[in-house]
Amino acid sequence: MFKLFGRAGTASFAVEALLEEMSEPYELVNVKQGNGADTPEEFRALNPLGQVPVLVLPDGTAIPESAAIMIYLGDLKPDLGLAPAPSDPMRAVYLRWMIFLSAKLYQSFRHIYHAGKYTTAADGVPAIRAAAEESLETDWKIIEDALQPGPYLLGDRFSAVDIYCGMFPDWSRDRSGMLDRHPNIARLCEHVLTRPAVARVRDAHVT
Ligand SMILES: N[C@@H](CCC(=O)N[C@@H](CS)C(=O)NCC(=O)O)C(=O)O
């Protein structure tokens, strides 16, 4: 069985939702924020960064990095159609969005919520955070434009990357304002977050 190290309000939401979508059983292990003494020894060995999510495969292989986990799981049961096959031209588009979400949008959020980790200046946090808020606006605009005609990132084809994408608006300080300004993202959320498998886990992640 899979073991997922996660925490409410983090990217373990997307992984849990994908596992539910696949009807894959998993054990969820809650990891407290930080990498302190109360962080399970087992977890620190799996990810020295102390970040969640980390998925441990039935054979014991550990995968940190949310995009890697989403890509791995999306490919696991091809019959479910959760990811374009490697030979499908849409595969490149799919990978592009997985990486954009992980390397760009997620990083904008990290710079907002963990701003102190991105500066050594005693008074550097407000500037890091302000730049990250601007960066985030750029990211939303790029996603919004890509969702035309939509409704998904691969057009009319739902895939695992939409679950990943649909998670991030919940992290916005002003979710409803952001979605008002980005109707295509709002539509994607409407489609994705109402899927029974996704809705089942979302309540535990949204406060
Ligand atoms: N690149 C990593 C980032 C993971 C990450 O930032 N996780 C957050 C929760 S959403 C975390 O564990 N933060 C605690 C920390 O950075 O100390 C991924 O995509 O999984």
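First listed ligand is number 1; within each ligand, the first listed atom is number 1. Values in this document were obtained by computation on a predicted structure and should not be read as measured data.
Considering backbone and side-chain N/O atoms, K117 comes within less than 3.5 Å of an N/O atom of ligand 1. In terms of polar-atom proximity, defined here as any N/O pair under 3.5 Å, Y164 makes no such contact with ligand 1. Residue-to-ligand polar distances place Y106 within reach of ligand 1: an N/O pair is separated by less than 3.5 Å. Considering backbone and side-chain N/O atoms, V52 comes within less than 3.5 Å of an N/O atom of ligand 1. When only interatomic distances are considered, the shortest N/O to N/O separation between E65 and ligand 1 falls below 3.5 Å.
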Would F5 and L46 count as a side chain to side chain contact (heavy atoms under 4.5 Å, CB included) here? Give the steps.
CA-CA 10 Å; F5 290 86; L46 299 178; 3.5 Å; yes
Pair L73, F2 - check side chain to side chain contact (heavy atoms under 4.5 Å, CB included), show working.
CA-CA 11 Å; L73 289 176; F2 290 110; 4.0 Å; yes
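Sorted by first then second residue, the side-chain hydrogen bond (donor to acceptor under 3.5 Å, both in side chains) pairs that include residues 124-137, not counting sequence neighbours, are K104-S135, S108-S135, E133-R173, E137-R181.
A salt bridge is defined here as a Lys NZ or Arg NE, NH1 or NH2 lying under 4.0 Å from an Asp or Glu carboxylate O, and R157 with D88 meets this definition.
Against a heavy-atom cut-off of under 4.0 Å, A11 is close to the following atoms of ligand 1: 10 (S). Near P53, the atoms of ligand 1 lying under 4.0 angstrom from a non-hydrogen atom of the residue are 20 (O). Shown in contact with H114 at under 4.0 Å from a heavy atom are these atoms of ligand 1, numbered in order with element: 13 (N), 14 (C), 15 (C), 16 (O).
Summarising the geometry of I128 relative to Y118, their closest heavy-atom pair is CD1-O, 3.4 Å, with the distance given to 0.1 Å.
Under a 3.5 Å cut-off, the side chain of E21 and the backbone N or O of V198 do not form any donor-acceptor pair.
By heavy-atom distance, the residue among R7, M70, Q51, Q107 lying nearest atom 3 (C) of ligand 1 is Q51.
No side-chain donor-acceptor contact under 3.5 Å links S159 and Y152.
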